[in-house]
Amino acid sequence: MKIKVMDAEISVQKVGNEDYISLTDMLKAKDGDFFITDWLRNRNTLEYIGIWEKVYNPNFNYGEFATIKDRSGLNSFKISVKEFQARTNAVSLVAKAGRYGGTYAHKDIAFEFAMWISAEFKIYMVKEFQRLKSAEQAQLGWSVRRELSKINYHIHTDAIKQNLIPATLTKQQISMIYANEADVLNVALFGFTAKEWRDAHTDLQGNVRDYATVNQLICLSNMESLNSVLIKEGLPQPERLQKLNQIAISQMTVLESISENKLLK
């Protein structure tokens, strides 16, 4: 992943479950010669990193760190990220090799490093990172609802199998009934069958549900559960379709209203 801050493209990578930001990329926004080792040798930097490690890293070698920090006031003192890691077992900084190599820092540390670039850079850095996380959360929400829809689909097909499919039907006949029942939901919510959608979108992969909005997936999930109940109650398909269509209109009206209110806020 990359974020753009004041014309600098900055890589963000996952290390475990945590976000680490490329200090190497951030340096591109700094005027004049400046190196990560210049920042790391500073006493204030070391004190901040030391406190962070003490809070989050139970394996941090605080004794070795104290030795390093004591030397930070000397003009001859210099230490690389790799050496710092090796001597202290630090997890706040990571030195990577290869195509996407460079020095990465945990976001807490990277935001402090951003201040060394400039106060303005740090503000935009935090803003862009928050935007990235918001986009990730939105995508996660869509994925969760898509998976929920798939789970409910299995509940739905099980109800069809137990209540609509006689044991003497052929596999082809069974698949036709499954497809037919899936289209009850498609027509109730989208207004067309799966085939009608494919015929109208020959350039797209997948099916109509892969292109549904989050609100449509929520509604579809609810409808699958309701349809399985209606099937078990023995309600004829035309009556179920009419009921499900009314439910879809009602739920989508509410869901879209909620979404619109959130956007206004």
Side-chain angles (χ1 to χ4, degrees), residues 1-57 60 62 65 68-69 72-73 75 77-85 88-144 214 258-265:
M1 297 181 293
K2 285 184 179 292
I3 56 177
K4 192 169 184 179
V5 183
M6 298 177 67
D7 296 327
E9 284 198 345
I10 300 166
S11 298
V12 180
Q13 293 190 11
K14 286 285 185 184
V15 177
N17 293 320
E18 297 292 329
D19 291 303
Y20 280 66
I21 302 173
S22 174
L23 303 188
T24 305
D25 289 345
M26 291 167 68
L27 276 178
K28 297 171 186 175
K30 179 70 174 175
D31 292 329
D33 291 333
F34 183 73
F35 304 97
I36 293 170
T37 50
D38 296 330
W39 167 75
L40 189 57
R41 67 188 296 226
N42 180 273
R43 180 174 287 271
N44 291 333
T45 297
L46 289 171
E47 284 180 351
Y48 183 84
I49 291 174
I51 294 169
W52 188 95
E53 293 282 352
K54 188 176 181 179
V55 172
Y56 294 105
N57 180 10
F60 187 58
Y62 210 80
F65 171 75
I68 293 172
K69 190 175 74 169
S72 61
N75 292 331
F77 172 69
K78 202 169 190 178
I79 189 167
S80 68
V81 170
K82 285 186 178 180
E83 183 185 354
F84 183 78
Q85 274 186 298
T88 64
N89 295 321
V91 296
S92 56
L93 298 169
V94 177
K96 291 191 171 188
R99 182 180 176 186
Y100 301 103
T103 298
Y104 285 77
H106 187 278
K107 65 179 187 299
D108 296 345
I109 307 301
F111 291 154
E112 289 301 308
F113 182 80
M115 191 67 181
W116 278 67
I117 306 298
S118 73
E120 183 183 20
F121 184 85
K122 180 178 180 179
I123 290 170
Y124 283 110
M125 177 85 183
V126 173
K127 181 182 178 182
E128 274 303 297
F129 184 80
Q130 289 173 338
R131 183 199 59 76
L132 173 67
K133 301 315 290 182
S134 295
E136 283 184 356
Q137 288 299 317
Q139 179 60 36
L140 178 61
W142 188 93
S143 300
V144 168
V214 171
I258 293 171
S259 297
E260 185 176 344
N261 287 337
K262 284 184 177 179
L263 285 173
L264 287 173
K265 287 180 181 179

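Only this structure's heavy atoms are used, side chains among them; waters, hydrogens and symmetry mates stay out.
The main-chain N or O of Leu23 is never found under 3.5 Å from a side-chain atom of Thr103 such that the two would form a donor-acceptor pair. Put simply, the side chain of Asp19 never gets that close to the backbone of Val12: no donor and acceptor are under 3.5 Å apart.
For Asn17, there are no side chain to side chain contact (heavy atoms under 4.5 Å, CB included) partners two or more places apart in sequence or in a different chain. Under the side chain to side chain donor-acceptor pair (under 3.5 Å) criterion, Gln130 pairs with no residue at all, not counting sequence neighbours. When the side chain to side chain contact (heavy atoms under 4.5 Å, CB included) test is applied to Tyr56, the partners found at least two apart in sequence or on another chain are Trp52, Asp108. When the ring-ring contact (aromatic ring centres under 6.0 Å, His included) test is applied to Phe65, the partners found at least two apart in sequence or on another chain are Phe60, Tyr62. Take Ala95 and apply the side chain to side chain contact (heavy atoms under 4.5 Å, CB included) test, not counting sequence neighbours, and it matches Val81, Lys82, Gln85. Partners of Lys4 by salt bridge (Lys or Arg N to Asp or Glu O under 4.0 Å), not counting sequence neighbours: none found. Residues satisfying the salt bridge (Lys or Arg N to Asp or Glu O under 4.0 Å) test with Glu18, not counting sequence neighbours, are Lys107. In this view, Phe77 and Arg41, Leu46, Ile68, Arg71, Ser72, Leu74, Ile79 satisfy the side chain to side chain contact (heavy atoms under 4.5 Å, CB included) rule, not counting sequence neighbours. For Ser92, the side chain to side chain donor-acceptor pair (under 3.5 Å) criterion is met by Glu53, not counting sequence neighbours. Glu9 meets the salt bridge (Lys or Arg N to Asp or Glu O under 4.0 Å) test with no other residue; sequence neighbours excluded.
The shortest side-chain heavy-atom distance between Thr45 and Phe113 does not fall under the 4.5 Å cut-off. Under the 4.5 Å side-chain criterion, counting only non-hydrogen atoms from C-beta, Ile10 is in contact with Met125. Side chains of Leu93 and Leu40 form a contact here, defined as non-hydrogen atoms less than 4.5 Å apart.
Listed by first and then second residue, the salt bridge (Lys or Arg N to Asp or Glu O under 4.0 Å) pairs involving residues 112-130 are Glu112-Lys122, Glu128-Arg131 (not counting sequence neighbours).
For the atom pair Trp116 CH2 and Asn42 CG, the distance stands at 4.0 Å (nearest 0.5 Å). The distance from atom NZ of Lys2 to atom CD1 of Ile21, rounded to the nearest 0.5 Å, is 12.5 Å. In this structure, Leu27 CG and Ile36 CD1 are separated by 5.0 Å, a value rounded to the nearest 0.5 Å.
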Give the C-alpha distance, both sets of side-chain angles, the deciding distance and a yes or no for side chain to side chain contact (heavy atoms under 4.5 Å, CB included) between Ile51 and Lys54.
CA-CA 5 Å; Ile51 294 169; Lys54 188 176 181 179; 5.6 Å; no
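For OH of Tyr48, the number of neighbouring non-hydrogen atoms (other residues, nucleotides, ligands) closer than 6.0 Å is greater than 12.
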